[in-house]
Amino acid sequence: QVQLVESGGGLVQAGGSLRLSCAASGGTFSTYTMAWFRQAPGKDRTFVAAVSWSGHTAYYSDSVQGRFTISRVNANNTMYLQMSSLKPEDTAVYYCAKQRRPFGSDRLGPHEYTSWGQGTQVTVSS
């Protein structure tokens, strides 16, 4: 069973940057599409970005397109989310997730993600 551990969250001022990491262990990483989701207080968890198993393609929500960059290093079993131009509305717990089947598209819905990390808090002050 894969374990996903997020890190890199914290408190940052609006306009600042953070880089989140997701380290995977205990399972296959390199053939599975991965994604970041987030959940703000009192709201549902929403999709942020996904990166294909190869790392060659990525897909972003409209709210982060152009500000966030998702990437992965399969040799290190690690995925990243570089967040720039942060806004207070980016405040949330950020979760990394792994798809249920290998070689999946980065456009698949949240129901295709069956392994989740514990989350890391990102707080953006105005």
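Numbers here simply count residues along the sequence, with the first being 1. Every value quoted in this text rests on a predicted model; they were computed, and no experiment measured them.
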| query | Between V12 and L18, what is the shortest heavy-atom contact and its length? | reply | CG1-CD1, 4.0 Å
| field | Closest contact, heavy atoms only, V2 versus A24 | value | CG2-CB, 4.2 Å
| remark: Between A14 and P88 the two heavy atoms that sit nearest each other are CB-CD, 4.1 Å
| For the side chain of Q118 and the backbone of V5, is there at least one donor-acceptor N/O pair under 3.5 Å apart? | no
| field | Point-to-point distance, once rounded to the nearest 0.5 Å, from CG of L20 to CE of M83 | value | 4.0 Å
| query | Hey, does M34 have a side-chain heavy atom less than 4.5 Å from the side chain of L4? | reply | yes
| query | How far does CG of N74 sit from OG of S54, to the nearest 0.5 angstrom? | reply | 8.0 Å
| said: Contact between V48 and F68 at the side-chain level, heavy atoms closer than 4.5 Å - yes or no? | reply: yes
| task | Is it possible for you to say whether M79 and V64 belong to one hydrophobic cluster, with membership spreading through side-chain heavy-atom contacts below 4.5 Å? | result | yes
| Spatial distance of atom CD (Q13) from atom OG1 (T123) [nearest 0.5 Å] | 13.0 Å
| message | Treating T78 as the side-chain partner and N76 as the backbone partner, does any N or O pair qualify as donor plus acceptor under 3.5 Å? | response | yes
| message | Closer than 3.5 angstrom, by distance alone: can the side chain of E6 be matched with the main-chain N or O of T120 as a donor-acceptor pair? | response | no
| field | Approximate separation, where rounding is to 0.5 Å, of R19 CZ and Y80 OH | value | 5.0 Å
| note | Output for pair (S61 OG, Y59 OH), nearest 0.5 Å, gives 8.5 Å
| query | For T31 and T28, which heavy atoms make the closest approach, and how far apart are they? | reply | OG1-CG2, 3.4 Å
| Judged by modelled atom types alone, do Q99 and Y32 share a side-chain donor-acceptor pair under 3.5 Å? | no
| said: Looking at every non-hydrogen atom in both residues, tell me the closest pair between T33 and R72 and how far apart they are. | reply: CA-NH1, 3.9 Å
| field | Interatomic spacing from CD in Q3 to NZ in K98 - rounded to 0.5 Å | value | 11.5 Å
| message | Under a plain distance cut-off of 3.5 Å, with no hydrogens placed, do D106 and T57 share a side-chain donor-acceptor pair? | response | yes
| said: For a quick test of reading the model, state the closest non-hydrogen atom pair linking W36 to L81 and the distance between them. | reply: NE1-CB, 3.5 Å
| Looking at side-chain heavy atoms only, is the closest gap between Q82 and S17 below 4.5 Å? | yes
| said: Would you say Y94 and R38 are linked by a side-chain donor-acceptor pair, where the criterion is simply a distance under 3.5 Å? | reply: yes
| query | With side chains defined as the heavy atoms from C-beta onward, is the minimum distance between P41 and K43 less than 4.5 Å? | reply | no
| request: Compute the centroid of each ring, for F37 and then for Y95, and state whether the two points are separated by less than 6.0 Å. | output: no
| said: Tell me if a side-chain donor or acceptor on R100 pairs with a main-chain N or O of H111 at a distance below 3.5 Å. | reply: yes
